[in-house]
Protein chains: 2
Amino acid sequence: MDVMNNLKRVGLKSTLPRLKVLNIFVSEAGQHLTAEEVYKRLLADGEDIGLATVYRVLTQFEQAGLLSRHHFEGGKAIFELHHGEHHDHLVCLQCGRVEEFYDEEIEKRQKQIAEQRGFRVQDHALYIYGDCTKTDCPHRS
Amino acid sequence: MDVMNNLKRVGLKSTLPRLKVLNIFVSEAGQHLTAEEVYKRLLADGEDIGLATVYRVLTQFEQAGLLSRHHFEGGKAIFELHHGEHHDHLVCLQCGRVEEFYDEEIEKRQKQIAEQRGFRVQDHALYIYGDCTKTDCPHRS
DNA sequence: GTATATGCAAAACTTTTGCATCCTT
DNA sequence: AAGGATGCAAAAGTTTTGCATATAC
């Protein structure tokens with residue numbers, strides 16, 4: 001009921017495809033998925049939803065502020081649940097793990113820099129790419 | 001002669017397409033171009049170079065460290081001359097202007113954050129998107 | 001019942017690749 | 001002369017769109 005309310009709140013009808021897609025992001029914390037990955041999960045769950053619909057729904061969710069879209073290295077768009085607070089990303093080049101962080105100091109400096117140069121900041125994206133040294137990093141390149 | 005030496009230095013034959021492409025980036029400072037834009041400039045200059053070659057040359061230049069590739073919002077890859085020093089980007093959403101900046105404080109914080117979380121930093125990208133208030137901003141959306 | 005959403009297939013776009021030909025060394 | 005580079009066309013990969021049908025309210 002909560003998820004459906006989310007949809008109504010942003011002016012979208014509560015349809016099955018939209019509920020299922022939203023559920024994928026809500027059900028497991030901190031997921032960063034491409035459209036194709038969302039589509040595959042739906043298929044794996046036995047849902048009969050077209051890839052075109054997935055793209056449409058993802059775009060609607062982004063416009064509604066439910067998801068945010070990122071462009072990491074690699075060209076494909078990646079979506080994640082948009083929790084109110086802004087945050088940036090640490091991406092492991094070995095295993096694809098994505099961690100989020102927020103640093104007040106960096107935020108402050110960015111604002112200062114933009115203002116100094118006469119830019120009104122709308123948005124920003126900071127991606128740090130590296131190798132995580134987690135013991136479970138599968139190093140699948 | 002300087003440009004040609006650049007190519008030889010990185011182990012690439014000095015061919016006409018490569019010289020022309022490199023010249024586009026060298027001839028005007030601070031350009032950030034998509035493959036398509038590079039291709040159009042070549043055509044405008046009367047060069048008969050295929051788009052496939054442009055893509056191949058851009059990729060080679062990136063691997064050779066002459067150019068760097070970015071993924072701003074919008075999905076297309078954007079290339080710029082790779083001057084040794086790392087820097088980040090301010091992008092105007094109205095006119096597409098791109099300004100570069102470097103901030104020691106931000107760099108330092110990033111490193112700290114990554115290390116805290118067990119990441120060995122390979123690379124990072126910081127894009128600030130906003131509206132520049134320059135008088136010549138054509139606001140062409 | 002009406003407006004909107006979906007599925008499918010086709011299209012649009014960006015980027016890559018195969019192959020015959022051409023150019024650099 | 002030999003190997004690598006280019007152009008063209010075709011393919012591959014991602015995302016969008018047209019249209020008839022199905023669904024939510």
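The structure presented is a predicted model; accordingly, all values stated were derived computationally and were not measured. Numbered from 1 within each chain, the chains take letters A, B, ... in sequence-line order.
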Inset, instruction - Measure from CD on Gln63(A) to P on dA5(C) and round the result to the nearest Å. - result: 12 Å
Inset, instruction - Five pairs at each end of the helix from dG1(C)-dC25(D) to dT25(C)-dA1(D): take the axis at both ends and give me the angle between them to 10°. - result: 30°
Inset, instruction - Specify the separation, in whole Å, of atom CG of Leu12(A) and atom C1' of dA3(C). - result: 14 Å
Legend entry - Interatomic distance where CG belongs to Asp48(A) and C1' belongs to dC8(C) [whole Å]: 11 Å
Legend entry - Qualifying residues under ring pair (Phe, Tyr, Trp, His ring centres under 6.0 Å), relative to Phe72(A), sequence neighbours excluded: His70(A), His89(A), Tyr127(A)
Legend entry - Distance-only donor-acceptor check, side chains His124(A) and Glu107(A), under 3.5 Å: yes
Inset, instruction - Inspect the contact between Arg117(A) and Glu99(B) and indicate whether a charged nitrogen and a carboxylate oxygen are less than 4.0 angstrom apart. - result: yes
Inset, instruction - If a protein heavy atom is under 4.0 Å from the base, mark B; if only from the sugar-phosphate, S; if neither, -; do that for nucleotides 11-23 of chain C going 5' to 3'. - result: ---SBBBB-----
Inset, instruction - Using whole Å, report how far CG of Leu7(A) lies from C1' of dT23(D). - result: 15 Å
Legend entry - Distance, nearest 0.5 Å, that separates CG of Leu19(A) from CD1 of Ile24(A): 11.5 Å
Legend entry - Rounded distance in Å - CG (Leu58(A)) to P (dT6(C)): 11 Å
Inset, instruction - Output, in order, the C-alpha distance, side-chain angles, deciding distance and verdict of salt bridge (Lys or Arg N to Asp or Glu O under 4.0 Å) for Glu105(B) and Arg109(A). - result: CA-CA 8 Å; Glu105(B) 185 62 30; Arg109(A) 296 287 302 147; 5.8 Å; no
Legend entry - Interatomic distance, Phe61(B) atom CZ to Phe25(B) atom CZ [nearest 0.5 angstrom]: 9.0 Å
Legend entry - Atom-pair distance (CD on Glu47(B); P on dT6(D)), nearest Å: 13 Å
Legend entry - Check against side chain to side chain contact (heavy atoms under 4.5 Å, CB included), Leu66(A) and Leu7(A): CA-CA 9 Å; Leu66(A) 264 41; Leu7(A) 291 181; 4.2 Å; yes
Legend entry - Spacing of Gln60(A) atom CD relative to dT6(C) atom C1', expressed in whole Å: 11 Å
Inset, instruction - Find the distance Arg18(A):CZ to dG7(C):P and express it as a whole number of Å. - result: 11 Å
Legend entry - Electrostatic pair Glu62(A)-Arg69(A), nearest N-O below 4.0 angstrom: yes
Legend entry - Any donor-acceptor N or O pair under 3.5 Å, side chains Glu104(B), Tyr102(B): yes
